[in-house]
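Scroll down for the structure; my scribbles are underneath it.
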Amino acid sequence: MVDFLVDGSISSLKGVGPKKETELKGAGIFSNKDLISAFPKQYLDFSKVFSLNSAPLSISCCIKAFFGKVLFKRLTKNKFFMFYKIHLYDDFTQMEATYFTSRFNTLRFKYNEELLFFGQIKINKLGKKELVISNIKKGIDATEGIVPVYRKRGTISSTFLAKLTKQLVFDSKILAKETLPDYLLAKYSLCPLNFALRNIHFPQNEESLQKAKRRLFFEEILLLQTYLNKAKEDKIETTFNKIGNNFLEEFSKLLPFELTNAQKKAIFDCEQDISSGVSMRRLLQGDVGSGKTAVAACLIFCMVKYNKAQVAVMAPTEILARQHYENFLNLFKGKDINIELLCSSVKTSRKRLIFSAVESGIISVVVGTQSLLNENLKFNNLGLVITDEQHRFGVNQRAKLANKGGTGAHVLVMSATPIPRSLALILYADLDISVLDELPKGRQKVETFIVDSSKRTRVLEFIKKNVNDGHQAYIVCPLIENDEDTNNHLKSIFEYRKNLEKTNLKDLKIQILHGKMRGEEKQKIMLDFAERRINILISTTVIEVGIDIPNANVMLIENAERLGLSQLHQLRGRVGRGTAKSYCILISDSKAKETRKRLEILKDFYDGFLIAQKDLEQRGPGNLLGLEQHGFFKLKTRDFIKNMEDVLQARNLAKEVISKKYDQFIDFSQDLELFTKNNGETISL
Ligand code: ADP
Ligand code: MG
């Protein structure tokens, strides 16, 4: 039996005494495997050293220069960081540099000391070159090559992690067992796993680093696909298979509107699944406002009425959970269906009551947040699990909830993330897919404008006029608070409110909302907005998810160039939900042609899937909404899109693996562990 280094213990590494071992464990590092699977978050390439003058613009690089003096320093508002402005020079050039670092990291450099600066040259507001420093090193020369930077873990510094990992990587023993046979490595032009693991930490050169990243990315997709495709093959029998006669007719009577054809079709798909006797696993994809909730309600009705089963509905935020809860209460009024809300703000005593009522089966429908994963919540007869806005949950969370009922519970995943079908088939390989590709009748188009700051006053006047007409408005800014020194072209919600108080909107009721607020506080603000006690809500993108307030008819988005098209489209979907004419105004001062072109797409298109497709085609920096991290594994959509070829190949290979084509060669058990560690850094190519 080969002794794989990944299986060894950290205590045998040099530099790890009993004290350090405790510290490492405190930081979640128990074994060599933990060390190896925590990939660097960044690399410093000391193999190419530039002078201040020759360094490229906007590309991370290493620059050798002399330390002049600190021009000034200041604590940042949150008091965590120190901001320095430094003067640098070399034989030909002088330059100012900025450096953010921990407040405890005092700069101990001497005047005229020659140092290596890692960072990017930018053009500042005054049109002058300026170095934005990310790291400063002394006493390192070019022979160091590419050096990893790790995320600081507890009290464990990047330098210490590098020291330990280096011992592992350069140890002559084999790090980990190869998962793929040689001929498959050759077929897909992949480097061996051990090469990849060594070079992801200490790359010999840029090319080796790219090879390593590609191999590890491929491996990740392969594992994900093997897992998802396997899950799809596992057919679980269920007894929740009854559909009442005239069930759709009966349900439709509860609705104040007629179902769209797309909704009917989706319900039909679900009916087929349910009556098949095998538990349903279905993704319901539909643009914002397409009416996914009504489909969910229909299935709830079917489960509770005809199968005497319980249903769990999980939403990513309390605001959404409460909205669903109230929606269902309203819809099923007088129908003898007990519905309860369970989220963290519910008092413990009440939670206990709910737990016991759910366990005894008195409650049929529980709507909530992650609180539903609480192990004290046990179901009597769980027949259906619905998760809304799935991309916020991991695959494993969904499974955890579904397994609460023993086996056989149906699963419906609802998502407004308009990912193109090609991508959906990969990311949701374990699910069947239904699409709501039609908006309810009479839904108006939200008129969309793109303007620059010079029009802001007029836009605000326009908002005031709409508020005077009885409507409400959203204003979205990218930041919560401004830091004066950086990003000062970006709007922050605090500053915005302050500025509005100086305009003739000052008499309106303006409130702010952001993700760092406590749940209860957010809840109260949303309720105030819903009940029209607030005219204008200034917020960060937290409102992007599913909020339904029909009276709001203006959406103003500042620094629109910062957001992806899909995300902008989702924000736009917050208005145009009522009968009043609605507007979405994008403010951007970006002069870049590409950006203008990108934003213009929103003026011409209203279909989330088409917009996502356009986003995809442009392959701009904008990530497809919500998939930045796809649960389970730490994959970024950006990587998916950039490496579609690899993704498809890995997917096909996964299918072959499942069909046992290579079974004797491939053993993923160790890898699954290696790669599913939460501490593994995202691999981006
Ligand atoms: P989403 O798919 O974004 O979750 P919702 O389910 O919240 O959309 O529905 C958006 C709005 O459209 C809700 O106010 C809902 O009552 C309404 N709605 C849903 N289906 C229809 C329909 N068939 N006809 C008219 N209005 C509908
Ligand atoms: Mg919704």
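Owing to the predicted nature of the structure, the values given are computational and were not obtained by experimental measurement. Just follow the structure's listing: the first ligand is 1, and inside any ligand the first atom is 1.
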Residue part near ligand 1, for D287, under 4.0 Å between non-hydrogen atoms: backbone

Member of V413, V435, L436 meeting the side-chain contact (heavy atoms from CB on, under 4.5 Å) criterion with Q285: V435

Whether L436 lies under 4.0 Å from ligand 1, heavy atom: no

Which of the ligand 1 atoms, numbered from 1, are nearer than 4.0 Å to a heavy atom of K292: 1 (P), 2 (O), 3 (O), 4 (O), 6 (O), 8 (O)

Test: D432 and R281 ion pair at under 4.0 Å: no

Option with minimal heavy-atom separation from atom 20 (N) of ligand 1, where the choices are K264, Q263, E438, R577: Q263

Residue selection (non-hydrogen contact nearest atom 8 (O) of ligand 1) among P256, G291, A262, G578: G291

Test of proximity, G289 against ligand 1: N or O pairs below 3.5 Å: yes

CZ/F257: more than 12 non-hydrogen atoms of other groups inside 6.0 Å: yes

Within-cut-off N or O pair, T293 and ligand 1, under 3.5 Å: yes

Side-chain touch E447/K581, heavy atoms, less than 4.5 angstrom: yes

Carboxylate-amine/guanidinium proximity below 4.0 Å for E600 and K603: yes

Test item, G286 contacting ligand 1 (heavy atom, 4.0 angstrom): no

Region of L259 engaging ligand 1 - heavy atom pairs below 4.0 Å: backbone

Enumerated ligand 1 atoms positioned under 4.0 Å from heavy atoms of T260: 23 (N)

Under-4.0 Å heavy-atom contact with ligand 1, by part of M414 that carries it: neither

Distance-only donor-acceptor hits, side chain of residues 306-315, under 3.5 Å, sequence neighbours excluded:
from: Y306; atom 1: OH; to: E250; atom 2: OE1; distance (Å): 3.3
from: N307; atom 1: OD1; to: N241; atom 2: N; distance (Å): 3.2
from: N307; atom 1: OD1; to: K242; atom 2: N; distance (Å): 2.9
from: N307; atom 1: ND2; to: K242; atom 2: O; distance (Å): 2.9
from: N307; atom 1: ND2; to: C302; atom 2: O; distance (Å): 3.3
from: K308; atom 1: NZ; to: K305; atom 2: O; distance (Å): 2.9
from: Q310; atom 1: OE1; to: N380; atom 2: N; distance (Å): 2.7
from: Q310; atom 1: OE1; to: N381; atom 2: N; distance (Å): 2.8
from: Q310; atom 1: NE2; to: V358; atom 2: O; distance (Å): 2.9
from: Q310; atom 1: NE2; to: I363; atom 2: O; distance (Å): 2.8

Pair E258 + K264, salt bridge at N-O below 4.0 Å: yes

Location of contacts on E258 toward ligand 1, heavy atoms closer than 4.0 Å: backbone

SB check K253 E249 (cutoff 4.0 Å): no

Per-atom contacts of ligand 1 with S290, taking only distances under 4.0 Å to non-hydrogen atoms: 2 (O), 8 (O)

